[in-house]
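Written below as structure tokens is the structure these notes are about.
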Amino acid sequence: MRGQQPFTVFIDLWLQTRTLDEYLTCLLLWVKQREGLLHLCCKKLRILGMPFHNIRNILKMVNLDCIQEVEVNCSWILPILTQFTPYLGQMRNLQKLDLSHVDVSHYVSTKQEEFVTQFTSQFLKLHYLQKLYMNSVSFLEGHLDQLLSCLKTPLKILAITNCVLLESDLRHLSQCPSVSQLKTLDLKGVRLANVSLVPLQVLLEKVAGTLEYLDLDDCGIVDSQVSTILPALSRCFELTTFSFCGNPISMATLENLLCHTIRLNNLCLELYPAPQDSYDADGTLCHSRFAQLGVELMGRVRDLRHPKRILFCTDYCPDCGNRTFYGLNIDQRCC
């Protein structure tokens, strides 16, 4: 056996149950018994729930250099996150990281600071990272600059969703060299109502030549803010999808927004909120008023250009929790 190349076993791991299933148990035992003769190579790792001691045992047996995509969607407490973080830094060929539902806000600030420093420093070792998804992650607030400064390569996809960001975070984002070639920017659920959108304008100007997908759903953007981003938005000529649902804007602002997307010939899908003028005082959608405004919008849009697909969406229904989408013909309903 001397000089023989180790045998490589390729596997994608999906860790979601509390205990190891029979197949994975047998595989890990087989690998352990042949230590040095086998390399366990995992390209895609999804962690959706499992005691961390089991996860740690698996990570110790996997060739971490092989991992290219990682998804972690667990409500881990801070001590477990601290244990996982060093493994992340060893995934040196990682191209995609998807991290969800991390809440460390109830820990004292010194503990949070220590974790943020430890976590963000791992990005210094990730020289191939291209896609970064952060959903419902509490520690980004006021610390986005620490993460961005550790990025070593240009990102193609950046999704920071349902997170709290400060205006200073947005400013650091707009100044980061690693986001200048973005194809996807998703800020869905990041509340922007009380901040200046100038940093977002600067960011859109920077990525205008590459951006294909922009999602600003449920950011709370109001009429007085929209004009800030319109000039930059109108120059995003590569944009194919633009979603702006859930932002409380008026009919006049919506018309202005549509006018500024007139030259974006690559747009295939546009999603806009039903204008606030179509709601009653109690927040209930008035269908007759919405239909009337829809006819005006339809005429306005078709006067300007021939859109491929435009949908207008309502606010979330308090009963079912869903939105309703309508086409240019308001009786054309898309659920």
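Residues take their numbers from the sequence shown, with the count starting at 1.
Cluster membership for Tyr133 and Leu144, using ILVMFWY side-chain heavy atoms within less than 4.5 angstrom, is not shared. Put simply, Phe237 and Phe242 are part of the same group of oily side chains (I, L, V, M, F, W, Y) that touch within less than 4.5 Å, one to the next. Residues Tyr272 and Tyr213 do not share a hydrophobic cluster, defined by chaining ILVMFWY side chains whose heavy atoms lie under 4.5 Å apart. Hydrophobic clustering places Leu192 together with Leu230 (ILVMFWY residues linked when any side-chain heavy atoms are closer than 4.5 Å, directly or through intermediates). Cluster membership check: Phe312 shares its hydrophobic cluster with Leu285, using side-chain heavy-atom separations under 4.5 Å among Ile, Leu, Val, Met, Phe, Trp and Tyr.
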Determine, stepwise, if the pair Leu269 / Lys308 fulfils side-chain contact (heavy atoms from CB on, under 4.5 Å).
-> CA-CA 7 Å; Leu269 177 61; Lys308 293 175 183 174; over 6 Å; no
Going through the distances and angles, do Gln146 and Thr117 end up as a side-chain contact (heavy atoms from CB on, under 4.5 Å)?
-> CA-CA 8 Å; Gln146 287 182 250; Thr117 300; 3.7 Å; yes
Could you please spell out the steps behind the side-chain contact (heavy atoms from CB on, under 4.5 Å) verdict for Glu113 and Thr110?
-> CA-CA 5 Å; Glu113 294 287 345; Thr110 53; 5.7 Å; no
Could you walk me through whether Leu216 and Leu200 pass the side-chain contact (heavy atoms from CB on, under 4.5 Å) check?
-> CA-CA 11 Å; Leu216 297 175; Leu200 181 57; 4.3 Å; yes
Evaluate side chain to side chain donor-acceptor pair (under 3.5 Å) for His260 paired with Asn256, printing each intermediate quantity in order.
-> CA-CA 6 Å; His260 277 79; Asn256 194 19; 3.3 Å; yes
Take Asp186 and Thr161 through the test side chain to side chain donor-acceptor pair (under 3.5 Å) and record every step on the way to the result.
-> CA-CA 7 Å; Asp186 187 350; Thr161 56; 5.6 Å; no
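No more than 12 heavy atoms of other residues, nucleotides or ligands sit less than 6.0 Å from atom CG of Asn194. Within 6.0 Å of atom OH in Tyr128, 12 or fewer heavy atoms from other residues, nucleotides or ligands are found, so the atom counts as exposed in its surroundings. No more than 12 heavy atoms of other residues, nucleotides or ligands shown are found within 6.0 angstrom of NZ on Lys43. Remark: Lys44 NZ is loosely packed, at most 12 non-hydrogen atoms of other residues, nucleotides or ligands lying under 6.0 Å away. Counted within 6.0 Å of CZ on Arg56, heavy atoms from surrounding residues, nucleotides or ligands total more than 12; the atom is thus considered enclosed.
The shortest non-hydrogen separation linking Leu264 to Ser234 is CD2-O, 3.5 Å. Residues Phe244 and Pro273 come closest through the heavy atom pair O-CD, 3.2 Å. Between Leu147 and Phe119 the shortest heavy-atom distance is CD1-CE2, 4.3 Å. Minimum interatomic distance between Leu13 and Cys42 (heavy atoms only, all atoms of both residues): N-SG, 3.8 Å. Contact record, Thr85 with Gln118: CG2-O, 3.6 Å, taken as the closest heavy-atom pair. Contact between Lys152 and Phe123 at its shortest, heavy atoms only, is CG-O, 3.6 Å.
Between the side chain of Thr324 and the main chain of Thr314, no donor-acceptor pair closer than 3.5 Å is present. Without hydrogens or angle criteria, Asn93 side chain to Gln68 main chain gives no donor-acceptor distance under 3.5 Å. Not a single donor-acceptor pair under 3.5 Å links the side chain of Ser278 to the backbone N or O of Arg289. Side-chain atoms of Asp280 do not come within 3.5 Å of backbone N or O of Asp282 as any donor-acceptor pair. With hydrogens and angles ignored, the 3.5 Å screen pairs a side-chain donor or acceptor of Asn247 with a backbone N or O of Gly220. Under a 3.5 Å cut-off, the side chain of Gln225 and the backbone N or O of Val195 do form a donor-acceptor pair. One N or O on the side chain of Gln112 and one on the backbone of Tyr107 form a donor-acceptor pair closer than 3.5 Å. Between the Lys206 side chain and the Ser174 main chain, a donor and an acceptor come within less than 3.5 Å of each other. Asp215 contributes no side-chain N or O that, together with a main-chain N or O of Lys188, makes up a donor-acceptor pair within less than 3.5 Å.
Within the 4.5 Å cutoff, no side-chain heavy atoms of Leu204 are placed close to those of Arg235. Looking at heavy atoms from C-beta onward, Glu238 lies out of side-chain contact with Leu211 at the 4.5 angstrom threshold. Side-chain contact between Tyr87 and Val70: absent, with no pair of heavy atoms (C-beta onward) separated by less than 4.5 Å. Val164 places none of its side-chain heavy atoms less than 4.5 Å from the side chain of Leu140. Under the 4.5 Å side-chain criterion, counting only non-hydrogen atoms from C-beta, Ser288 is not in contact with Gln292. Two residues are said to be in side-chain contact when any heavy atoms from C-beta on lie closer than 4.5 Å; Leu258 and Ile310 meet this criterion. In this structure the side chain of Leu97 reaches within 4.5 angstrom of the side chain of Leu88, judged on heavy atoms. Considering only heavy atoms from C-beta on, Asp218 comes within 4.5 Å of Tyr316 through its side chain.
For the atom pair CG of Leu15 and CG of Leu45, the computed distance is 5.5 Å after rounding to the nearest 0.5 Å. For the atom pair CE of Met251 and CD1 of Ile249, the computed distance is 10.5 Å after rounding to the nearest 0.5 Å. To the nearest 0.5 angstrom, Leu81 atom CG is 4.5 Å from Phe115 atom CZ. We find the CD1-CD1 distance between Ile47 and Ile58 to be 8.5 Å, quoted to the nearest 0.5 Å. Between the CG atom of Leu94 and the CG atom of Leu129 there is a distance of 6.0 Å, given to the nearest 0.5 Å. To the nearest 0.5 angstrom, Arg92 atom CZ is 13.5 Å from Cys66 atom SG.
Taking the six-membered ring for Trp, Tyr326 and Phe290 have ring centres closer than 6.0 Å.
Each of Ile55, Val104, Asp103, Val102 was checked for a side-chain contact (heavy atoms from CB on, under 4.5 Å) with Trp76, and the lone residue meeting it is Ile55.
Hydrophobic cluster membership for Val202: Val198 (Ile, Leu, Val, Met, Phe, Trp, Tyr linked by side-chain heavy atoms under 4.5 Å, directly or transitively).
Here Lys183 pairs with Glu212 under the salt bridge (charged side-chain N to carboxylate O under 4.0 Å, His left out) rule; sequence neighbours left out. For Pro248, the side chain to side chain contact (heavy atoms under 4.5 Å, CB included) criterion is met by Val222, Gln276, not counting sequence neighbours.
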